[in-house]
Amino acid sequence: HTPDHVRTESEQLEEDARNFLHELDVKGSEECTVATMTSWNYASDITEKHKKEKAAAELKYAEWEKEAWERVRKWNGKWETLSDPYLKRQFKFMSILGTAALPKHDLEKYNNLVTEMSTVYSTAKICDYKNPRSCKLELEPDLTKILRTSRDYDELEHVWKMWRYNTGRRIRDHYKLFVRLANKAAKLNGFDNMGDMWLYPYESDTFRDDLAELWQQLNPLYQQLHAYVRRKLRQKYGEHYVTRRGPIPAHLLGNMWAQNWGHIYDLAIPFPHKASLDVTPQMVSKGYTPRRMFELSEEFFVSLNLTRMPPEFWQHSIIEKPQGRDLVCHASAWDFCNAKDFRIKQCTDVTMNDLITVHHEMGHIEYYLQYKHLPGVFRNGANPGFHEAVGDVLALSVSTPKHLLKIGLLNEVQDDPEADINFLLSMALSKITFLPFGYLIDLWRWDVFSGKTLENDWNCAWWDLRYKLQGIKPPVQRSEYDFDPGAKYHIPGNTPYIRYFVSFVVQFQFHKALCIKAGEYDPLDPSKPLHKCDIDHSTEAGNALGDMLQLGSSKEWPEALEILTGTRKMDASVIREYFKPLELWLAKDNERHGEFIGWETDEILCTSEVVKKTAKSEEGVAASDGVVVGGGSA
Ligand SMILES: C[C@H](N[C@H](C(=O)O)[C@@H]1CCCN1C(=O)[C@@H](N)CC(=O)O)C(=O)N1CCC[C@H]1C(=O)O
Ligand SMILES: [Zn+2]
């Protein structure tokens, strides 16, 4: 490099900035590794000792973040004059301190509240409906299995109600204090409330409006699917429980949160005489293990010329539920900030649904691997939605009958319009049904953080959204004693959720771009529709995906999106194109059956009053001034 004395002043500033940022990054990564390790130890073995170690490490890491932030602040007024956008972007991100801005005692309280809420959620157990003295049923695998397989209305209601009784209801007070401290931290960072701070990584002041626009474009398709599934559930459970024009009882949809209806495919399959596409039986009969499922996923990434898992991954990951201890079973991917230790923790079941989740988690690991060379502030998704989309994009190919045949999980593929509709319906039961759920979680939380939803209305505001967007209702009347949002991992876990809604839109844009590169999709060739595309073994597709992943968050997400897809905007028309044949079929089928599209009810789903418990039952007691949340039609 040029000797000091001939450099211009701005070149000198740039050199100093580079050295300053590099030094911070080395120290920051070391601190991050220590903090992440104690977080992993707690999440994989919940003990008082691990909780204390995690709490101490979080405070220590916050000390480091504050020190780094104060050193960055000294560059204010200088870093903005740098010409290199790569350096300026690093300073921009390092100027946001986060919750470490809280006074130490507030931060300690905040961290403990989150850990406490997570512990309640992850260790909750309920009593068995069929054997009330056995009270050791856990969410994974017990309750998940019951929601997936039981068709007993009352058993499902018991599990649905008791899960919420032992999770959400028990953390409602924690959450009140958590919200206050979260907003205090947001204000210390110059945001109005935590909801605004969560949107910072999307770098767009029209983001909320863009999301509302996407939902408007997707809602019609959701409503057609909702009407069709409601008819099938009415056939199964009878008109008393599933009315013609009302919302669907939430506990009948195969999933604890009604976020993915894939497990009632057997009740909804349009052409039952065609081969089933749920390959769980084949996975079991072929002796699949969790390890095999992870290797299958890795093989797909490698076939795309992407990076295989490092030895540490197989050494340290937990891919089966360990017995004899409490742990956070909710699947997660971990980056230990040292460019070599990456792990997944997942209580894997041998089911097709878990094979999809394996790909989801592996997608996170692949993103970590692709950007591990970048400075810490860029070791993130272009936006959080991109991080959620990577694994799902590969899973779109894996889920095709053609691919399942290729890997021996299907022994025949029927290629005809009816089989097509069956396949698209099975995909819609997890992709389309998720959209209103993925949107409403943070619609609810943004209103809670902003104060638009007051503490006394938390649960009824939740059911207002669940009714309005998903067209579902609770099997038993709810009150403000309950805290049903707290029964979903990401609320006690304090993980933002709009990233999943973004992912479910952009993953189809990624899929389309990769399918074109793989020569698997041609809009003008009816034999190559988007939903039949399988990109496996396409290095053109893999290289294009890798090029985008390697950017991390060093470029604004519209630029990263453009590099891969040629467009700079989230675009709902691609997911609608993928499901077009199904949308046409559903509209005709609903028309033929005279189905009412949408939902209405005059039932009181949630009361602001505490419902007086009667000896007979909980429902049926009309509260004095119940808040009617189901009055309007959709
Ligand atoms: C099963 C999955 N678990 C999350 C995920 O993988 O996103 C976990 C918990 C929260 C964040 N997380 C991570 O692993 C992050 N460390 C990844 C990262 O940000 O790097 C999950 O929650 N999903 C998948 C479908 C919809 C949603 C759900 O199940 O509702
Ligand atoms: Zn994820």
Side-chain angles (χ1 to χ4, degrees), residues 32 35-36 39-40 42-44 114 117-118 121-122 139-141 143-144 147-148 198 201 253-263 297 313 317-319 327-337 341-349 351 353-372 376 378-396 430-442 445 470 485-507 549 552-553:
C32 171
T36 308
S39 182
W40 169 271
Y42 157 77
S44 44
V114 175
M117 293 192 289
S118 287
Y121 181 91
S122 295
L139 178 65
E140 298 188 40
L143 307 188
T144 307
L147 266 292
R148 178 175 75 230
W198 277 3
L253 292 160
N255 174 278
M256 183 59 89
W257 307 277
Q259 73 182 68
N260 175 336
W261 303 356
H263 291 133
S297 180
F313 173 82
S317 288
I318 295 176
I319 60 174
L327 77 155
V328 177
C329 252
H330 187 91
S332 54
W334 297 64
D335 178 345
F336 284 81
C337 318
D341 195 348
F342 305 93
R343 305 179 194 180
I344 286 173
K345 176 170 52 57
Q346 181 172 343
C347 301
T348 313
D349 259 341
T351 66
N353 189 63
D354 272 23
L355 181 62
I356 302 299
T357 302
V358 164
H359 282 79
H360 179 90
E361 299 308 332
M362 291 284 271
H364 286 306
I365 304 290
E366 190 60 39
Y367 216 152
Y368 301 151
L369 291 169
Q370 290 293 326
Y371 61 46
K372 67 184 183 192
F378 290 157
R379 292 204 298 264
N380 291 295
N383 77 39
F386 281 44
H387 228 299
E388 299 308 333
V390 179
D392 287 14
V393 167
L394 273 70
L396 286 174
S430 55
K431 295 295 179 183
I432 301 299
T433 60
F434 181 83
L435 293 169
F437 182 80
Y439 187 29
L440 73 85
I441 298 258
D442 282 354
R445 270 193 291 200
Q470 286 189 274
K488 172 64 191 169
Y489 174 85
H490 298 68
I491 304 275
N494 189 34
T495 305
Y497 208 83
I498 202 64
R499 58 185 62 181
Y500 300 105
F501 179 81
V502 170
S503 159
F504 273 54
V505 172
V506 298
Q507 67 185 244
L549 299 178
S553 58

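Just so you know, these numbers come straight off a predicted model, no measurement behind them. Heads up: numbering here begins at 1 and tracks the sequence. Read the numbers this way: they start at 1 and go in the same order the structure lists the ligands and their atoms.
- The closest protein non-hydrogen atom to atom 8 (C) of ligand 1 is Ala331 O, 3.4 Å.
- A parallel orientation is assigned to the rings of Phe434 and Phe504, their planes being inclined by less than 30° (bins at 30° and 60°).
- Of the protein's non-hydrogen atoms, His330 NE2, 2.7 Å is the one closest to atom 22 (O) of ligand 1.
- Nearest to atom 15 (C) of ligand 1 among the protein's heavy atoms is Ala333 O, 4.0 Å.
- Proximity of Tyr367 to ligand 1, defined as any heavy-atom pair under 4.0 Å, is not found for any part of the residue.
- Between Tyr367 and Tyr371, the ring planes are tilted. Angles from 30° to 60° get that label.
- Between Glu388 atom OE1 and His360 atom NE2, the angle centred on the Zn ion (ligand 2) amounts to 100° (nearest 10°).
- The aromatic rings of Tyr497 and Tyr500 lie tilted to each other, with the angle between the two planes from 30° to 60°.
- Note on Lys431 versus Asp392: salt bridge recorded, some NZ/NE/NH1/NH2 to OD/OE distance being below 4.0 Å.
- The backbone N or O of Ala258 lies less than 3.5 Å from a partner atom in the side chain of Gln470, making a donor-acceptor pair.
- Protein heavy atom in closest approach to atom 7 (O) of ligand 1: Tyr500 OH, 2.7 Å.
- Selection from Lys488, His360, His387, Arg379 by nearest heavy atom to atom 24 (C) of ligand 1 gives His360.
- Distances below 4.0 Å separate heavy atoms of Tyr368 from the following atoms of ligand 1: 16 (N), 17 (C), 18 (C), 20 (O).
- Set against the non-hydrogen atoms of His364, the atoms of ligand 1 under 4.0 Å away are 5 (C), 6 (O), 7 (O), 17 (C), 18 (C), 20 (O).
- A donor-acceptor contact shorter than 3.5 Å is absent between the side chain of Ser317 and the backbone of Lys345.
- What sits closest to atom 2 (C) of ligand 1 on the protein, heavy atoms only, is Glu361 OE2, 3.4 Å.
- Not one N, O or S atom of His387 sits under 2.8 Å from the Zn ion (ligand 2).
- The side chain of Tyr489, and not its backbone, has at least one atom closer than 4.0 Å to an atom of ligand 1 (non-hydrogen atoms only; side chain from C-beta on).
- If you number the atoms of ligand 1 from 1 as listed, the ones under 4.0 Å from a heavy atom of Thr495 come out as 10 (C), 11 (C).
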